[in-house]
Amino acid sequence: LAGLCLALGCLCGADKLLSRSHEWKKLIIVQHWPATVCEEVQNDCSDPPDYWTIHGLWPDKGGECNRSWHFDLDEIKDLLPEMKAYWPDIIHSSPNRSRFWRHEWEKHGTCAAQVDALNSQRKYFGKSLALYKQLDLNSKLLKFGLKPSINYYHILDFKDALTRVYGVIPKIQCLPPEQGEDVQTIGQIELCLTKEDQRLRNCTEPGERPAGVAAQGRELAVCEDGPVFYPPPRRAWHGQKQGKPTVL
Ligand SMILES: *[C@@H]1O[C@H](CO)[C@@H](O)[C@H](O)[C@H]1NC(C)=O
Ligand SMILES: *[C@@H]1O[C@H](CO)[C@@H](O)[C@H](O)[C@H]1NC(C)=O
Ligand SMILES: *[C@@H]1O[C@H](CO)[C@@H](O)[C@H](O)[C@H]1NC(C)=O
């Protein structure tokens, strides 16, 4: 192999560069709030779940690490009831759940598969569901009195609650205010996990502040300090939004 690499020096170098760009350091379990996703993608979700659902389990770097490893629904047949409940496709307007799962597997799962605990589709989706249940975000938020409301919270209510419950620094993303509105809407909560054993860790490195990427148009970005709207599923608050909610 060494001889071959000498002969094909630059090819081997390129290969090494490529695999290095797929190297990742932590996993991110991403959960989103369906009512906000519906708003973000302008999807007329008629009856979005009223609980946080899974968006994905993402290595912090890389994507589509193995384009020949195709999604196979058969491999996760036994997980389907939980997949449908906890990992529904909120993003696409004519939901085709296997399309969403396929995308998550091909973009992120094939990279996550570098670690043994995630090196098959069954393991990748199974572990994601297990983490979702273990983290139990929905009841943790409730325990801190954080439930969807037409009144606003402060983003620190979420940060503090999550940091206390999980003992690590999360990343919280919001949909910026619409023109003429004055408040951001909570949309996504990311919790980070170690690569080796998928245990909770800070999303930031020691000394690092959470990175804020400026929002391009109306898409999720790290929340600003200040009030935040945690919207009840659309049916419940439609028509009430015109009124001026008060900050809780
Ligand atoms: C990519 O996935 C295919 C199908 O599972 C597998 O045979 C192959 O070894 C993988 N390639 C790499 C580089 O892991
Ligand atoms: C869902 O999408 C897959 C391809 O991504 C396609 O094969 C399948 O037929 C679609 N199912 C429905 C119900 O549209
Ligand atoms: C996580 O962040 C908190 C607050 O900055 C810090 O006190 C703690 O030591 C960090 N944990 C690790 C493992 O870096």
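Note that ligands are numbered from 1 as they come in the structure, with each ligand's atoms numbered from 1 the same way.
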Does the protein place a non-hydrogen atom closer than 4.0 angstrom to [atom]?
atom	answer
atom 5 (O) of ligand 3	yes
atom 13 (C) of ligand 3	no
atom 9 (O) of ligand 1	no

Counting non-hydrogen protein atoms only, what is the nearest one to atom 11 (N) of ligand 3? Give residue, atom name and distance.
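Checking every protein heavy atom, the shortest distance to atom 11 (N) of ligand 3 gives Asn202 ND2, 2.9 Å.
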Can you tell me which residue and heavy atom of the protein come closest to atom 1 (C) of ligand 1, and the distance to 0.1 Å?
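Scanning the protein heavy atoms, the shortest distance from atom 1 (C) of ligand 1 goes to Asn66 ND2, 1.4 Å.
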Can you tell whether the side chains of Asp225 and Lys159 come within less than 4.0 Å, N to carboxylate O?
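Counted as a salt bridge, because a side-chain N and a carboxylate O are separated by less than 4.0 Å.
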Below 4.0 angstrom, N of the basic side chain to O of the carboxylate: do Arg122 and Asp78 qualify?
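Looking at Asp78 together with Arg122, the answer is yes, because their closest N to O distance falls below 4.0 Å.
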Within a radius of less than 6.0 Å around CD of Glu224, do more than 12 heavy atoms belonging to other residues, nucleotides or ligands occur?
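It does not: Glu224 CD has 12 such atoms or fewer within range.
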Between Tyr230 and Trp33 (judged by ring centroids, cut-off 6.0 Å), do the two rings come close enough to count as a pair?
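Ring-ring flag for Tyr230/Trp33: true, centres closer than 6.0 Å.
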Strictly by modelled atom types, are Thr194 and Asp197 linked by a side-chain donor-acceptor pair under 3.5 Å?
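Result is yes, a qualifying pair exists.
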